[in-house]
Amino acid sequence: MFQVQEQSQRPLTTAHLAQTMSLLLLSNMELRDTVMAELSSNPALELVEETVCPNCQRRLNNAGPCPACSIQHQEQDPIVFLSPRDSFRPSRSQNLEEQPPDHEPAAPEDLTTHVLQQLASDLHPDDRRLAIYILSSLDEDGFLQDPPAIIARSTRSSFFQVDRVLKLISQVDPPGLATTGPKQALLAQLDLLPDDGSILRLARQIIEGYFTELGRREIEKIAEGLEISPSKIRQAAAFIHDNLNPYPGRAFWGSGRGPQGSNPNVYHSPDILITHNPSDAKGPLVVEIFSAVSGWLRVNPMFSKARARTNGDQIEEWSKYIERASLFVKCLQQRNNTMRRLLQTLVIKQRDFIMNGDRYLKPMTRAKIADEIGVHESTISRAVAHKSIALPDGRIIPLARFFDRSLAVRDRIKEIVKNEKQPLTDDQIADILKNEGVNIARRTVAKYRSIENILPARLRHRNGARNGEQV
DNA sequence: CTATGGCACGGATT
DNA sequence: AATCCGTGCCATAG
């Protein structure tokens, strides 16, 4: 009944191996481009727009774990499942306007086409022209140069039409694109985040009411205005800084997609989402691994049938297509499978971290995990690379952070400094840590401090002012 | 003289 | 094989 899984574990050919590896390396956003490219270049491959469990391929009527596949899980176990949803349009309104997939040669490196590809299925043909106009008129930060009314006039469209298209654009991948400024961009991004947790609400309040103050880091002033403790405000500010990007147009696209181009301060849609029932602290975590595209891929049965009726040299060529398509599907399945197993073990091991924050991250290496689930360590490296994950509190962090060996210690140092009566020198901090069983050198404390933007003791006079950074 | 940051080395990790 | 990380040594700022 539940097949597919373990038996597809062993690579069949070297081609299979190679392709699985390269797919594994990609984030959802990148994978999406790859899938689209494959779809448009291989007629044997078909995207079925239907919510189906990616695991057992049963039909699902709503998003969520497939009831058949979230098998044998007990109380404490996390529910890890492959989601039929893609991560790019989280709140996709169910307007079912089928559009023939346009077979334009994909030029994925361009922001405009990237956005258009995502919009393709949601966009009225009439709106397409408008969308192109809007996208090309954005300034380098991704903001509108002209107010909507002007756009409506110069394209001779209705105001509502413009408004509708703007809404759509602001929801797809670089979120907050085509808004009127940093403030609106942040708010648009906030709308897309999973909204449980009070930080979200606080963040919204701050952005709405105290945007300029936020920019100047006038924490105290905001706290006073909202009548909330400064530390909470600080938390929310850090949250905004970590997860939202006031300049969506600069995000990611300028710097290309290489490993070096990953700017940590850039928001992008998470590849994985962890949620849990806030009222049940002991309850299972729910881990949703998004698909790269909504719907699922298969070898087009019509194409196979058609091949049988073809003659001569064509049949050779078509067979190649089919073979490539089925290989692609298999690789994708294996990628999913690996991701699922990885997350399964990761979430069990790091539950404390996920629920309670940085300090509880247990040190572990990719090699250990690899050993545990029986794959090569390089597989884990690839699986972890370039992926991001949304935690229950709404923070979006790179998956690689699960393997940050020093995160817990750095967090502890932050706390020591926050609670210090008088500025402690690195040596003293090292001593405190030593007493807690953490043996690190003085020099290392200094390194961690600088990572966390904590000033040296001498400059840390005994007022609450810590860490000065700018965006 | 003390606290820090820079440079560079070696071992671990990827 | 390439990269990351903790650390020791040394120059320098206070």
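So that the names make sense, note that chain A is the first sequence line, chain B the second, and so on, each numbered from 1.
Under the 4.5 Å side-chain criterion, counting only non-hydrogen atoms from C-beta, E452(A) is not in contact with I413(A). Counting only heavy atoms from C-beta outward, the side chains of L342(A) and V375(A) never approach each other to under 4.5 Å.
What separates CG of L455(A) from P of dA3(B) is a distance of 17 Å, to the nearest Å. The NZ atom of K447(A) sits 8 Å away from the P atom of dG6(B) (whole-angstrom rounding). H376(A) has its NE2 atom 10 Å from the C1' atom of dT14(B), to the nearest Å. Between the CZ atom of F402(A) and the C1' atom of dT13(B) there is a distance of 19 Å, rounded to whole Å. Rounded to an integer number of Å, the gap from I429(A) CD1 to dT4(B) P is 8 Å. Distance R382(A) CZ to dT3(C) C1': 15 Å, rounded to the nearest Å. Atoms CD1 (I451(A)) and P (dC4(C)) sit 13 Å apart, rounded to a whole Å. As rounded to whole Å, 13 Å separates atom C1' of dC1(B) from atom CZ of R458(A).
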Passes side-chain contact (heavy atoms from CB on, under 4.5 Å), I373(A) versus I380(A)? Steps please. CA-CA 10 Å; I373(A) 66 180; I380(A) 299 294; 3.8 Å; yes
Apply the test side chain to side chain donor-acceptor pair (under 3.5 Å) to residues Q428(A) and T425(A): give CA-CA distance (whole Å), side-chain angles for both, the deciding distance (0.1 Å), then the verdict. CA-CA 5 Å; Q428(A) 292 169 305; T425(A) 67; 3.3 Å; yes
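A salt bridge is absent between E415(A) and K418(A): the closest approach of a Lys/Arg side-chain nitrogen to an acidic carboxylate oxygen does not fall below 4.0 angstrom.
Counting non-hydrogen atoms under 4.0 angstrom, R449(A) reaches the backbone sugars and phosphates but no base. Contacts of I380(A) with the nucleic acid, taken as non-hydrogen atoms under 4.0 Å apart, are absent. Residue contacts for S450(A): at a heavy-atom cut-off of 4.0 Å it reaches no nucleic acid atom on any strand shown. When heavy atoms are screened at a 4.0 angstrom cut-off, R442(A) is found touching base atoms of the nucleic acid.
For dT7(C), the OP1/OP2 oxygens have a side-chain nitrogen or oxygen of T444(A) closer than 4.0 Å. Proximity of R366(A) to the phosphate of dT14(B): a side-chain N or O atom is located under 4.0 Å from OP1 or OP2. Close to dG6(C), at under 4.0 Å from its OP1 or OP2, lies a side-chain N or O of Y448(A).
Ranking dG5(B), dC5(C), dA8(B) by closeness to the R405(A) side chain, first place goes to dC5(C). Comparing dT4(B), dT14(B), dT7(C) against the side chain of A441(A) picks out dT7(C) as the nearest. Distance from the side chain of R443(A) is smallest to dT7(C) among dT14(B), dT4(B), dT7(C). The side chain of D427(A) has dA3(B) as its nearest neighbour among dA3(B), dG5(B), dT14(B).
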